[in-house]
Amino acid sequence: MTDVKKMIGQVFEDIATGLETGAFGSKAVVAVTTLGSEHGIENVVKGAEEAQRRDSSLEVVLIGPKVDSDLKQYHVETDEEGYKVMEELLDKGEIGACVTMHYNFPIGVSTVGRAVTPALAKEMIIATTTGTSSAHRVEGMVKNGIYGIIAAKAIGIENPSVGILNVDGAVQVERAFKQLKENGYDINFATSNRADGGVLMRGNDLLQGVPDVMVNDTLTGNILMKVFSSYTTGGGFEANGYGYGPGIGEGYDRTVLIISRASGYPVIANALSYAGDLVKGNIKKVAKEEFEKANKAGLKDILAGLVQSNKKESSDDEEVKAPPKELVTAQISGIDILELEDAVRALWKNEIYAESGMGCTGPIVLVNEEKFDFCKDILLKEGYIQE
């Protein structure tokens, strides 16, 4: 009798898990909407059938007009009907994830792409690629990093390495991540393959896929995904990679993955495999755990500080005049481009002449060589550079 009760209990537990994740038994149930492709419905169906053929742990479902296929189908005739059916199936737990060509995510949610880099054919998470994590650039990039870690862990990368693409705001993002790490949220920082190393990634690192997770702003990420997916085809047919990925955000509960209207069937097949990996890895549970850990380490306060600092700087109308000009040959690097002029003004306030510039590794402040150490101490104290 005890064994029967255990069996019944396990059955109900499996059903509950299936409803939560969309994985029933050993199969992950994933869908794809077939309308909207620039290459026709046949292209989407071919990708779906390819994903099903190569992975018996998936059950692939089609949402669209009736087609000649052995795959399970939900028949709709318009995009609007397709999105409605998709959302109903996701909310009921009948599918665990859905791949689609366009979807309006709420602010705070953005998608995490999965590319195959050309130099070494290494997979790399691009965080993020569509959607808007925040209206504030740096806050958005910090969130993007958390979203990328969630996606990486959900597909089985236990301790993903994280790099920050050297774009506007990158130094501030690095500062926020280091603060999170000091507060107890474990981030495994990647190191650039360039001679000077560091967590800020260059173009070479992109091509080589140095970090498991590359953090960037969403617009840059979108371009990266397009280039990585179609650089061999001229842009009209995306042939490589796994698409633009799942929409992730705190409290967001649907696993919807984005592909492009230009995505070819190889990318569509890979996107469905990506969706299956996320379902089997229980991305909802991973996301909940990561947000809890990040918030415990003060994520919300750090983000609020970033936004407040930006407001303070934008409202600072104090006019600061440059001190008398002098020879400036010493370079102080490691300053974010968005804070470069503020760093120069901070030295001017201390009656030290300085100029902004751009070195081979990024923004620099030029100062008199004899005042280098003093200037560096000021910028450290003001938070424009780090040790």
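- Side-chain contact check for Q208 and T117: no donor-acceptor pair (N or O, by modelled atom type) lies under 3.5 Å.
- Ion pairing of R114 with D277 is present here, as a side-chain N (NZ or NE/NH1/NH2) and a carboxylate O approach within less than 4.0 Å.
- Remark: A294 engages I146, Y185, L299 in a side chain to side chain contact (heavy atoms under 4.5 Å, CB included) (not counting sequence neighbours).
- Ion pairing between a basic and an acidic side chain is recognised when a charged N comes within 4.0 Å of a carboxylate O; E250 and K300 show such pairing.
- Considering only heavy atoms from C-beta on, V112 stays 4.5 Å or farther from I150 through its side chain.
- The closest side-chain heavy-atom distance from I364 to I332 is not below 4.5 Å.
- A cation-pi contact links K46 to Y265, judged by a cut-off of 6.0 Å to the six-membered ring centre and 45° from its axis.
- The shortest side-chain heavy-atom distance between I258 and T100 falls under the 4.5 Å cut-off.
- With no hydrogens or angles considered, a side-chain donor-acceptor pair links S161 and D212 at under 3.5 Å.
- The pair E174-K178 counts as a salt bridge, with a side-chain nitrogen and a carboxylate oxygen less than 4.0 angstrom apart.
- By the salt bridge (Lys or Arg N to Asp or Glu O under 4.0 Å) test, K371 is found to be paired with E326, residues two or more places apart in sequence or in another chain being considered.
- Between Y353 and W348, the two ring planes are parallel [angle under 30°; tilted spans 30° to 60°].
- With respect to the salt-bridge test (charged N to carboxylate O, under 4.0 angstrom), the residues R53 and E50 qualify.
- Put simply, the side chain of V138 reaches to within 4.5 Å of the side chain of H136, judged on heavy atoms.
- A salt bridge between D55 and K27 is absent, with no side-chain N of the basic residue lying under 4.0 Å from a carboxylate O of the acidic one.
- A ring-centre distance under 6.0 Å is not found for F374 and F372.
- Here the side chains of R202 and D196 are in contact, with some heavy-atom distance below 4.5 Å.
- The shortest side-chain heavy-atom distance between N188 and V162 does not fall under the 4.5 Å cut-off.
- One finds no salt bridge joining E341 and R345 here, because no Lys/Arg side-chain nitrogen approaches an Asp/Glu carboxylate oxygen to under 4.0 Å.
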